[in-house]
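These notes concern the structure reproduced below.
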Amino acid sequence: MDINQLLDMLELEYPEEFRYFENLADLLECEQEIEYEALYQLLSKVEVHTLKELVEGYFEDIINNMPDDSVEIFTLMETIKQMLVGILGLIQNEDEEAQMGLFVDEIYKLREWYTRDGMVHCTSTDHKKKIDTSICQAFYMNRLEKLNEERYFYDFSDCLAYEIEEYAMPLTPMIEEDEEDEDLVDLYDDAKDHYGDELVDDNY
């Protein structure tokens, strides 16, 4: 879809109106193909601090409602969040157009993985039903379980091959800003253990 179709889907008149949690959720979870240029035309018109708040809020909501025993996908989602927030931080200090391009690149890649490429194997707890679905849909199914819907075991093992580019902001300085947050230190170590030191550029 182009920018006009994208705005219609989001029920917005102008890109600058993109400022609510639901806007980002609808954008990331839309299964229809969205043109790269449409993404850029939309996101480049949104205030950087607004994008940062939306990214942090959306990922925190997803992470806090993940299936039990999903340590690896939890760690990966946290790493992706930190990368996106890091790129947004660069926009304030470096060439805005170039850094926004990097951010849109990552949003485009994330959407492909989140709604299409990443495949989750879901098995009902009574082992009578097996479903292969997207990461986004698996998270939705897990939320429905709280409404007494059918329960599943979720296998994310085929979804973990997500490349974190080297231009990602280092996690270490972010962590040092909040020395009391030991959980982020653990997540940083887990990210390096699971995805390799080359995915987190300590010498940016």
Side-chain angles (χ1 to χ4, degrees), residues 21 24-25 28-29 52-89 106-107 109-202 204:
F21 176 94
L24 183 60
L28 294 181
E29 297 170 8
K52 181 175 180 291
E53 290 175 358
L54 292 176
V55 167
E56 290 178 332
Y58 180 81
F59 275 82
E60 286 171 8
D61 180 73
I62 292 295
I63 288 169
N64 290 336
N65 289 282
M66 282 187 173
D68 295 335
D69 301 322
S70 302
V71 176
E72 291 184 328
I73 192 68
F74 172 94
T75 305
L76 179 55
M77 292 296 286
E78 178 66 31
T79 304
I80 293 171
K81 182 191 81 170
Q82 296 287 358
M83 176 189 62
L84 292 173
V85 170
I87 295 173
L88 290 171
E106 289 300 331
I107 291 294
K109 182 174 72 173
L110 172 62
R111 275 184 28 80
E112 291 294 307
W113 171 77
Y114 194 46
T115 63
R116 299 184 182 189
D117 297 343
M119 192 60 61
V120 184
H121 310 297
C122 311
T123 305
S124 60
T125 53
D126 60 8
H127 297 281
K128 292 182 179 180
K129 184 185 296 185
K130 293 185 178 181
I131 300 173
D132 290 340
T133 190
S134 68
I135 300 167
C136 177
Q137 185 62 26
F139 289 160
Y140 177 71
M141 289 169 57
N142 180 64
R143 286 177 183 264
L144 290 180
E145 292 183 5
K146 298 178 181 179
L147 302 176
N148 296 319
E149 297 287 340
E150 191 168 13
R151 297 180 181 277
Y152 289 85
F153 299 113
Y154 299 91
D155 178 3
F156 292 94
S157 59
D158 287 339
C159 303
L160 302 177
Y162 189 94
E163 184 178 2
I164 306 295
E165 299 293 346
E166 292 184 0
Y167 55 68
M169 281 286 287
L171 297 183
T172 306
M174 296 180 184
I175 295 169
E176 290 176 350
E177 290 178 1
D178 187 358
E179 296 178 355
E180 296 180 359
D181 196 341
E182 296 181 357
D183 290 339
L184 281 179
V185 176
D186 293 338
L187 283 169
Y188 174 70
D189 292 338
D190 287 344
K192 294 182 72 175
D193 290 341
H194 282 295
Y195 307 110
D197 290 348
E198 71 277 4
L199 301 184
V200 184
D201 185 7
D202 286 325
Y204 185 86

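Positions are given from 1 along the sequence. Heavy atoms only: backbone and side chains are in, while hydrogens, waters and symmetry mates are out.
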Rounded distance [0.5 Å steps], [atom1] in [X] versus [atom2] in [Y]:
X      : Y      : atom1 : atom2 : result
Leu28  : Ile107 : CG    : CD1   : 5.5 Å
Glu106 : Ile164 : CD    : CD1   : 7.0 Å
Ile73  : Phe139 : CD1   : CZ    : 5.0 Å
Leu88  : Glu56  : CG    : CD    : 9.0 Å
His121 : Tyr154 : NE2   : OH    : 14.5 Å
Thr79  : Leu84  : OG1   : CG    : 11.0 Å

* Asked: Between the side chain of Trp113 and the main-chain N/O of Cys159, is any donor-acceptor distance below 3.5 Å?
  ->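 Indeed, once roles are kept as given, a pair shorter than 3.5 Å links the two residues.
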
* **Donor-acceptor pair, side chain of Ser70 and main chain of Phe74, under 3.5 angstrom** =>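 Pair absent, no side-chain N/O of Ser70 close to backbone of Phe74.
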
With a 4.5 Å cut-off on side-chain heavy atoms, are [Y] and [X] touching?
X      : Y      : answer
Tyr152 : Thr133 : no
Met141 : Gln137 : yes
Asp155 : Thr123 : no

* To do: Determine, step by step, whether Glu145 and Asn142 satisfy the side-chain contact (heavy atoms from CB on, under 4.5 Å) criterion, reporting the C-alpha distance in whole Å, the side-chain angles of both residues, the deciding distance to 0.1 Å, and the verdict.
  => CA-CA 5 Å; Glu145 292 183 5; Asn142 180 64; 3.8 Å; yes

* Asked: With a cut-off of 6.0 Å (strictly less than), are more than 12 heavy atoms of other residues, nucleotides or ligands near OH of Tyr140?
  ->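 It does not: Tyr140 OH has 12 such atoms or fewer within range.
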
* N-O pairing of Glu78 and Lys81 below 4.0 Å ->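 Between Lys81 and Glu78 there is a salt bridge, with a charged N closer than 4.0 Å to a carboxylate O.
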
* Should Asp132 and Asp158 be marked as a side-chain contact (heavy atoms from CB on, under 4.5 Å) after you check the CA-CA gap, both sets of side-chain angles, and the distance that decides it? -> CA-CA 11 Å; Asp132 290 340; Asp158 287 339; over 6 Å; no

Under 3.5 Å, which donor-acceptor pairs link side chains of residues 57-69 to any protein atom two or more places apart or in another chain?
unit_1	atom_1	unit_2	atom_2	d
Tyr58	OH	Glu29	OE2	2.6
Tyr58	OH	Tyr114	OH	2.8
Asp61	OD2	Arg143	NH2	2.3
Asn64	ND2	Glu60	O	3.0
Asn65	OD1	Lys146	NZ	2.7
Asn65	ND2	Asp61	O	2.7

